[in-house]
A.B. asks: 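Pasting a structure below so you can have a look.
All residue numbers refer to positions in the sequence shown, counting from 1.
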Amino acid sequence: MKKFLIAGAILLVVLGGIVGFKALQIADLIGFATQMEAAGMPPSSVATAVAAEQDWEETLQFVGTLRPVQGVTLTAELGGVVRTIEVENGARVEKGQILMQLDTTQEVADLASADARLRLAQVNLERAKGLLEKRIVPRSEYDSAAAAYDEARAVVANLQAIINKKVIRAPFAGRVGIRLVNLGQTVRIGEELIPLHQNDPIFVDFAVPQTRLAGLKVGQTIRLSSDGLEAPVPGKIEAINPVINETTRTAVVQGLIQNPDDRLRAGQFGMVDVVLSQGRPVLAIPSSAVISEAFGDSVYVVEKNDKGEEIVRQQFVQLGVRKGDFVAVTKGLNPGERVVSAGAFKLTNGARVQVNDAMQPEASTSPRPQNS
C-alpha cells in the first residue's frame, strides 16, 4: 500500500506539472490574441485583377480525328516475285511514279511471240484485202484474216495489261509508308505491298450533336489544336454528313486543314474549335478569382473604407462561358471593378488587404504551359 501511495503522489506531481505548463501556454496565446485584436490584424497580401470587357469569339469545341484526303494500301493485282523496289520508306512520290515491279520475264517472252503473230496477221489481212478488191478471193477469206488479226491484237493487249499490272505505280501524289514486302518475296493476289497517303491537305472528322448542327455550315472557319503544334492551325468545314447516327444522335462533320510540312498525320487526334461568330463583348475576370460554394459563386471586390484602407467585399456573381484562364461574368460585376485573383481563400467579408499583383502569373485566353 505504501508503494502505491508513493507512485500515485509522483503521478499527481507529473500531471500537475504538465497541466500547469499547458495552462501557461494557453494563457500566453489568449493574451497574444487579445493584443492582436486590440492592435488590429495585419492586412492579407493578395493579387488583384480588373474586370474588363474583352471581345471573345463564340466557338464550339469537339474532339476530331485526322484522315488522309487520299489514303490506300496498294495491293498486288496479280501474283509474282518482287524484282525491284523503286522507293525508300517514307519517300514523297508523284502520281504515276513506279514504286515496285514484279517479275514479268514470262510475260515479256510471251509478248514478243504475240507481237510476231500480230505482225503476220496484219500482213495476211492486208494481202486478203488487196485480193478481195481484185475479186480474186471470196469475202469469207478476208473475214477470216480480219478475225485472226483482231485475235492476235487482243492477245498482245492482254499480255501488255498483265505486264502493266505487275508494275506498281502511285495512283496519286503523296507519301509512302513502310513497305510490307521485301525484294525477292513471292506475293499472292491481293497481298498488301505498301501504304500511300496524301496528307496535304488533310481531313479532320468530328462528331457533332444534332442540337448543334443548326449553327454549322460548309465553309465555316475551324481551328485545330493538337500535341506538337505551337499554335492552332486554321481550316474550314468541307462537308456535313446528311445522315445522323441513330445510336449517338450525332452527325460526322469533315474539315479541311492545310498541312504543307506534314506536321499532322492521319490517325492523330486533336481539338477542333468551330468559330460561330467573330467576336462579342464579355466582362471577363480570371477564373482564379471565383470562389465556388454550394450556395453560389462569389468574388471579393477590393474597395477602400473611411480610413482609406483597402478592404474586400464579397460579391455574388453569375458566370458564363470560360476561355483559357478567364471566365465571363454575366451578372454581379461592373467593368473596372478590381477583384482578388490570388489569396482569396483566406479572406472574409470586410477584411483588410495589401495588394501585390506581382505574386501571380499573367492570365491568358490561350494559355500554353511550359510543361504541356
Side-chain angles (χ1 to χ4, degrees), residues 32-34 36-63 208-209 211-212 214-215 223 225 232 271 273-369 371-372:
F32 178 76
T34 304
M36 293 300 296
E37 183 176 359
M41 292 294 292
S44 300
S45 181
V46 298
T48 62
V50 177
E53 288 190 348
Q54 299 181 9
D55 286 333
W56 283 7
E57 291 178 333
E58 186 178 358
T59 62
L60 295 175
Q61 190 172 73
F62 307 97
V63 177
V208 177
T211 55
R212 295 292 189 178
R223 284 193 298 268
S225 302
M271 303 305 297
D273 288 316
V274 180
V275 180
L276 301 181
S277 63
Q278 292 301 317
R280 60 186 180 90
V282 298
L283 185 63
I285 61 173
S287 300
S288 60
V290 180
I291 301 173
S292 297
E293 295 179 323
F295 48 81
D297 298 317
S298 65
V299 297
Y300 282 107
V301 181
V302 179
E303 299 177 334
K304 288 191 176 182
N305 59 14
D306 298 338
K307 299 178 182 179
E309 299 172 324
E310 291 184 322
I311 62 171
V312 293
R313 171 177 54 85
Q314 190 172 17
Q315 174 67 45
F316 287 94
V317 294
Q318 293 182 5
L319 305 179
V321 297
R322 296 176 182 267
K323 187 174 184 181
D325 296 330
F326 288 92
V327 61
V329 178
T330 59
K331 188 176 180 181
L333 278 182
N334 296 317
E337 288 188 306
R338 183 175 293 273
V339 298
V340 175
S341 57
F345 66 93
K346 57 188 175 183
L347 299 178
T348 58
N349 196 27
R352 293 188 302 142
V353 294
Q354 182 178 4
V355 177
N356 180 14
D357 293 339
M359 63 185 292
Q360 67 174 347
E362 184 178 357
S364 172
T365 54
S366 55
R368 299 287 297 180
N371 61 345
S372 63

A.B. asks: Please name the pair of heavy atoms, one in Leu333 and one in Ala51, separated by the smallest distance, quoted to 0.1 Å.
C.D. replies: CD1-CB, 4.3 Å

A.B. asks: Please find the pair of heavy atoms, one from Trp56 and one from Val321, that lie closest to each other, and give the distance.
C.D. replies: CZ3-O, 3.6 Å

A.B. asks: Return the set of residues passing side-chain contact (heavy atoms from CB on, under 4.5 Å) with Pro232 (not counting sequence neighbours), or none when no residue passes.
C.D. replies: Arg223, Ser225

A.B. asks: Locate the shortest heavy-atom distance separating Tyr300 from Ile291; write the atom from each residue and the value.
C.D. replies: CE1-CD1, 3.2 Å

A.B. asks: For Asn349, enumerate each residue passing the side-chain hydrogen bond (donor to acceptor under 3.5 Å, both in side chains) test, keeping only those at least two apart in sequence or located in another chain.
C.D. replies: none

A.B. asks: Atom OG1 of Thr48 and atom CD1 of Ile285: how far apart are they, to the nearest 0.5 Å?
C.D. replies: 12.0 Å

A.B. asks: Ignoring hydrogens and geometry, is there a side-chain-to-backbone donor-acceptor pair from Ser288 to Ser341 under 3.5 Å?
C.D. replies: yes

A.B. asks: If you look at every heavy atom in Ile311 and Arg352, which pair is closest and at what distance?
C.D. replies: CG2-CG, 4.0 Å

A.B. asks: Run the side-chain contact (heavy atoms from CB on, under 4.5 Å) test against Leu319 and tell me which residues pass, sequence neighbours left out.
C.D. replies: Val290, Asp297, Val317, Arg322, Val327, Val329

A.B. asks: Give me the atom names and distance for the closest heavy-atom approach of Val275 to Thr59.
C.D. replies: CA-CG2, 4.1 Å

A.B. asks: According to side-chain hydrogen bond (donor to acceptor under 3.5 Å, both in side chains), who are the partners of Gln314, at least two apart in sequence or on a separate chain?
C.D. replies: Ser298

A.B. asks: Give me each pair satisfying ring pair (Phe, Tyr, Trp, His ring centres under 6.0 Å) with a member in residues 315-363, each pair once, sequence neighbours excluded.
C.D. replies: Phe295-Phe316

A.B. asks: State which residues pass side-chain contact (heavy atoms from CB on, under 4.5 Å) with Gln61; sequence neighbours excluded, sorted by chain then number.
C.D. replies: Met271, Asp273

A.B. asks: Any chance you could measure Arg212, atom CZ, to Leu276, atom CG, to the nearest 0.5 Å?
C.D. replies: 8.0 Å

A.B. asks: Does atom CD of Glu293 have more than 12 heavy-atom neighbours from other groups under 6.0 Å away?
C.D. replies: yes

A.B. asks: Would you list the pairs meeting salt bridge (charged side-chain N to carboxylate O under 4.0 Å, His left out) in which at least one residue belongs to residues 329-347, sequence neighbours left out?
C.D. replies: Arg313-Glu337, Arg338-Asp357

A.B. asks: Excluding sequence neighbours, so at least two apart, what forms side-chain hydrogen bond (donor to acceptor under 3.5 Å, both in side chains) with Asn305?
C.D. replies: Glu309

A.B. asks: With Thr330, which residues qualify under side-chain contact (heavy atoms from CB on, under 4.5 Å), at least two apart?
C.D. replies: Gln318

A.B. asks: Over all heavy atoms of both residues, which pair between Leu283 and Pro335 is shortest? Give the atoms and the distance, please.
C.D. replies: CD1-CA, 3.7 Å

